[in-house]
Number of protein chains: 2
Amino acid sequence: MLPRSYVSPARSAAAAETRERVIEAASRTLREGESIARFSLDTVAKAAGVTRLTVYNQFGSRRGLLEAVFDEIARHGGLHQLADAMAMADPRAALDRMVEIFCGFWSRDSAVGRLHDAMATDPEFAEVLRERNERRRHGVAALIDRIARRSASPQARKDTVDLIFTLTSYPTFASLSAGRSRDEVCRVLQTACRAALGPLIGPRT
Amino acid sequence: MLPRSYVSPARSAAAAETRERVIEAASRTLREGESIARFSLDTVAKAAGVTRLTVYNQFGSRRGLLEAVFDEIARHGGLHQLADAMAMADPRAALDRMVEIFCGFWSRDSAVGRLHDAMATDPEFAEVLRERNERRRHGVAALIDRIARRSASPQARKDTVDLIFTLTSYPTFASLSAGRSRDEVCRVLQTACRAALGPLIGPRT
DNA sequence: AAATTAGATATACATGATGTATAGTCAATC
DNA sequence: GATTGACTATACATCATGTATATCTAATTT
């Protein structure tokens, strides 16, 4: 006999709410813990007031939870401002703005650092985060194409794109954050990115 | 009664040899495994033909073994060439050479990548590796002091030091290594480091 | 030659993590 | 009132680090 099934507004709303609660507890645990090693589903479940199995029901696995946390952070991380930045008339100003936006993103929620740590132990999760980052590379490439003079070789363009991609990555931000505020790091990186453009805009004018 | 104790040439030689064998097996396991997660003392012990407890006797802990592996890699990594580089008359040529030496170091043994991954899960091991890296920062600072014009502010010097320190780090090398040979990465980084000097050598000449 | 010692082994155990399986609870929906 | 979906309770399998204890063996010392 066919099982009768139904969608329940109240139930799915409640489920969505517990899901949110678990994600919130997970990112809080990531923020407060001093290492990704301490991040266990048991801790998260207790912090969220649910059972460990509920976490599995909602996210399938530890990795699923981490991905959900990253997506949540990305949703509120201010990356939507990139569209405006890319639309700026001056591509160099757009690059400055892009650096600024990513500095804001990397610093907004310290959980992103722990999520990058998780890349080390979970290759598949690392792949997911890498794909997310590729969007940034495409954005950089688009700007570089507008900035580079026409005679710039494809190789020089690619080198510059990859270099600026690396300069705007989380590890670079974290490395420069020792003893610097977010804005100071931003300044350093903007200067570095402008300097990195050198080979593309020809001999010094 | 006093326990009589002695040092045994044959014994300690044999112990040193097993120690070497375990380190070799460990770095091989790190190289071949696709993630630090797969790196277990059980695997290493079997690969070395000893018991897991022998590893504990020799290295005390997983972390101790990882530190020993890093030290072994550092010993054969060519970093001794840094002394010659630092002694070069032209500090900019010395910087180029320094970048070259570190590109060689990061690429010589792929186990170094896995060791950096281990930083994510083991804070104390991360601290050990950070201390090792601080020597590089001091080296960079010494060169920058020779390169910077006298009017360069302390802050500008510090920014440049930290930036070049980051550019010569393993994460940066790894990021640029996708689709590039060691020498190509080296070229890109040398160019980037020279460009990063810009603010220190005054307005464009 | 006999006793002792250092290094390695054998075996067992405690702890904590991920992930799976099964049965049960309770409120929302049909 | 029967059924269904989300969550719970409990148990289990597996694998990792790390500790404890007793044993074995070959190198030294007396």
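For clarity, every value in this text was computed on a predicted model and none was experimentally measured. Below, chain A is the first sequence line, B the second, and so on; all start at residue 1.
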Tabulated below should be each protein N or O lying under 3.5 Å from an N or O of nucleotides 6-8 of chain D; please produce it.
from: dC7(D); atom 1: OP1; to: Thr18(A); atom 2: OG1; distance (Å): 2.3
from: dC7(D); atom 1: OP2; to: Gln58(A); atom 2: NE2; distance (Å): 3.1
from: dT8(D); atom 1: OP2; to: Thr51(A); atom 2: N; distance (Å): 3.0
from: dT8(D); atom 1: OP2; to: Thr51(A); atom 2: OG1; distance (Å): 3.2
from: dT8(D); atom 1: OP2; to: Thr54(A); atom 2: OG1; distance (Å): 2.1
from: dT8(D); atom 1: O5'; to: Thr51(A); atom 2: OG1; distance (Å): 3.1

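For the side-chain contact (heavy atoms from CB on, under 4.5 Å) test, residues two or more places apart in sequence or in another chain that qualify with Ala192(A) are Leu167(A), Leu163(B). For Arg130(A), the side-chain contact (heavy atoms from CB on, under 4.5 Å) partners at least two apart in sequence or on another chain are Met119(A), Ala126(A), Glu127(A). The side-chain contact (heavy atoms from CB on, under 4.5 Å) test applied to Ser110(B) returns Arg31(B), not counting sequence neighbours.
Across the protein-nucleic acid pair, Arg21(B) atom CZ and dG7(C) atom P stand 15 Å apart, rounded to whole Å. We find that CD of Glu124(A) is positioned 14 Å from C1' of dT18(C), with the value rounded to whole Å. Spacing between atom CZ of Phe125(B) and atom P of dT17(D) amounts to 14 Å, rounded to whole angstrom units. Whole-Å rounding puts the Arg38(A) CZ to dT18(C) P distance at 13 Å. Tyr56(B) places its OH atom 4 Å from the P atom of dG18(D), with the value rounded to the nearest Å. Per the geometry, CG belonging to Asp42(B) stands 10 Å off P belonging to dC15(D), to the nearest Å. Counting to the nearest Å, the C1' atom of dG7(C) and the CD atom of Glu20(B) are 17 Å from each other.
Sparse packing is recorded around CD of Glu124(A), with 12 or fewer heavy atoms of other residues, nucleotides or ligands lying under 6.0 Å away. By the neighbour-count criterion of 12 heavy atoms within 6.0 Å, atom CZ of Arg132(A) is densely surrounded, having more than that number from other residues, nucleotides or ligands. For Arg63(A), the CZ atom is densely surrounded, since the number of other residues' heavy atoms within 6.0 Å is greater than 12.
Residues from residues 59-68 of chain B placing a heavy atom under 4.0 Å of any atom in DNA chain C do not occur.
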Can I get a per-line list of side-chain donor-acceptor pairs under 3.5 Å for residues 92-106 of chain A, giving both atom names and the distance, sequence neighbours left out?
from: Asp96(A); atom 1: OD1; to: Arg194(A); atom 2: NH1; distance (Å): 3.0
from: Asp96(A); atom 1: OD2; to: Arg194(A); atom 2: NH1; distance (Å): 2.5
from: Arg97(A); atom 1: NH1; to: Glu100(A); atom 2: OE1; distance (Å): 3.4
from: Arg97(A); atom 1: NH2; to: Gln81(A); atom 2: OE1; distance (Å): 3.0
from: Trp106(A); atom 1: NE1; to: Thr168(A); atom 2: O; distance (Å): 2.9

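Remark: the Ser40(A) side chain and the Thr43(A) side chain contain an N/O donor-acceptor pair separated by less than 3.5 Å.
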